[in-house]
Amino acid sequence: MNLILFGPPAAGKGTQAKRLVDGRNMVQLSTGDMLRAAIASGTELGKKVAGVMERGELVTDEIVIALIEERLPETEAAGGAIFDGFPRTIPQAKALDDMLAKRGKKIDLVIRLKVDDAALTQRIAGRFAESGRPDDNPESFKVRLAAYNANTAPLLPYYEGAGKLVEVDGMGAIETVAKAIDKALDAPR
């Protein structure tokens with residue numbers, strides 16, 4: 001199964017993806033984790049990505065698509081992927097559909113974690129105070145959240161029109177959200 005976890009930064013996608021990796025033996029493809037790994041590598045690409053993320057901007061489609069495509073064989077060996085933070089735009093969604101179709105695969109389900117922007121801003125301020133992650137700085141977060149809301153809104157009708165979108169209240173407790181996701185994954189299609 002290939003699943004997209006859809007929601008703004010700090011919505012809990014990473015937390016839920018890790019649970020699904022452990023419980024369902026899927027591979028998590030977190031663009032955020034992949035980009036942070038690129039930054040940690042200290043390569044030219046990593047330095048470029050660092051500058052973009054520190055400004056709260058989105059990394060180019062070419063970079064993100066290349067990172068995802070590189071990991072597809074790993075997801076196939078595991079029996080499925082959890083796409084976390086990708087796609088963010090219609091062109092990325094179409095590129096993902098094309099990459100999977102070439103491999104005889106498809107996106108099976110898209111789960112949107114519905115959350116409140118004000119609550120997310122409070123959540124990210126707390127996370128920044130704890131971890132000090134540069135991309136969690138409250139000012140950068142506001143830019144990332146605005147970019148998410150502007151650029152990803154068209155993905156909702158794209159996946160809803162394909163009959164793949166399920167919405168889950170992402171503001172509940174982690175276990176409550178997990179149960180709602182499990183229910184969506186186990187529903188007959």
Side-chain angles (χ1 to χ4, degrees), residues 1-46 48-50 52-53 58-113 133 135 148 152 155-156 158-168 170 174-175 177-189:
M1 169 177 275
N2 288 309
L3 163 72
I4 296 173
L5 283 179
F6 189 65
K13 296 180 306 292
T15 298
Q16 293 299 329
K18 283 176 181 47
R19 187 189 64 78
L20 292 169
V21 165
D22 293 340
R24 295 187 182 244
N25 298 319
M26 298 171 82
V27 173
Q28 177 187 9
L29 297 182
S30 164
T31 53
D33 289 348
M34 287 188 263
L35 292 169
R36 281 186 286 280
I39 292 168
S41 73
T43 64
E44 283 305 310
L45 174 63
K48 182 177 177 182
V49 169
V52 171
M53 289 179 71
L58 295 178
V59 177
T60 65
D61 285 355
E62 292 103 351
I63 291 171
V64 176
I65 290 166
L67 289 170
I68 293 289
E69 191 163 26
E70 186 176 87
R71 301 275 310 272
L72 287 179
E74 179 185 347
T75 69
E76 290 166 352
I82 304 160
F83 294 92
D84 166 9
F86 181 85
R88 291 183 189 260
T89 63
I90 293 287
Q92 287 181 1
K94 290 180 178 180
L96 179 59
D97 288 344
D98 291 344
M99 282 188 287
L100 291 172
K102 288 176 187 170
R103 303 172 94 78
K105 308 289 182 194
K106 64 183 171 69
I107 292 299
D108 297 293
L109 188 65
V110 177
I111 296 179
R112 176 187 181 214
L113 297 178
R133 261 177 36 186
D135 57 316
Y148 171 85
T152 58
L155 287 170
L156 293 173
Y158 179 81
Y159 286 116
E160 188 172 35
K164 296 180 181 187
L165 182 66
V166 173
E167 294 189 339
V168 169
I174 290 171
E175 270 311 306
V177 175
K179 286 178 185 173
I181 289 172
D182 286 340
K183 182 178 177 183
L185 289 173
D186 295 334
R189 281 180 233 329

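We're numbering straight along the sequence, starting at 1. Everything quoted here is computed from the prediction, not taken from an experiment.
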Name the residue from I107, L109, D108, I4 that meets the side chain to side chain contact (heavy atoms under 4.5 Å, CB included) definition with K164.
I107
Please lay out, stage by stage, how K94 and D61 fare under the test salt bridge (Lys or Arg N to Asp or Glu O under 4.0 Å).
CA-CA 11 Å; K94 290 180 178 180; D61 285 355; over 6 Å; no
With a 4.5 Å limit on heavy-atom distance, are the side chains of D97 and Y158 in contact?
yes
Applying side chain to side chain contact (heavy atoms under 4.5 Å, CB included) between L67 and each of L35, L29, V59, T31, report the one that passes.
L35
Compile the donor-acceptor pairs under 3.5 Å between side chains in residues 6-20 and protein atoms, sequence neighbours left out, one pair per line.
unit_1, atom_1, unit_2, atom_2, d
K13, NZ, G7, O, 2.9
K13, NZ, P8, O, 2.9
Q16, OE1, R19, NE, 3.1
Q16, NE2, I174, O, 3.2
R19, NH1, D182, OD1, 3.3
R19, NH1, D182, OD2, 3.2
R19, NH2, A178, O, 3.3
R19, NH2, D182, OD1, 3.2

Ignoring hydrogens, what is the shortest heavy-atom contact between I39 and G46? Give both atom names and the distance.
CG1-O, 3.5 Å
Just wondering, do L100 and L72 contact through their side chains at under 4.5 Å, heavy atoms?
yes
When you compare the side chain of E70 with that of M34, does any pair of heavy atoms fall below 4.5 Å?
no
Within a strict 4.5 Å, meaning less than it, do heavy atoms of the R24 and I82 side chains meet?
no
Can you tell if the side chain of R112 reaches within under 4.5 Å of the side chain of V110, non-hydrogen atoms only?
no
Rounded to the nearest 0.5 Å, what's the gap from CG on L5 to CG on L3? Could you check?
4.5 Å
Check the pair K183, V168 against side-chain contact (heavy atoms from CB on, under 4.5 Å), reporting the backbone distance first and the verdict last.
CA-CA 10 Å; K183 182 178 177 183; V168 169; over 6 Å; no
With heavy-atom distances below 4.5 Å as the criterion, would you say the side chains of L113 and I181 are in contact?
yes
So which heavy atom on P87 is nearest to which on A93, and how close?
CB-N, 3.4 Å
Please round to the nearest 0.5 Å and tell me the distance separating atom CD of E69 and atom CG of L96.
10.0 Å
Name all residues meeting the side-chain hydrogen bond (donor to acceptor under 3.5 Å, both in side chains) criterion together with T43; count only those two or more places apart in sequence or in a different chain, and write none if there are none.
S41
Look at E76 together with R103 and state whether they make a salt bridge at an N to O cut-off of under 4.0 Å.
yes
Hey, are the side chains of I90 and L155 touching, using non-hydrogen atoms and a 4.5 Å cut-off?
yes
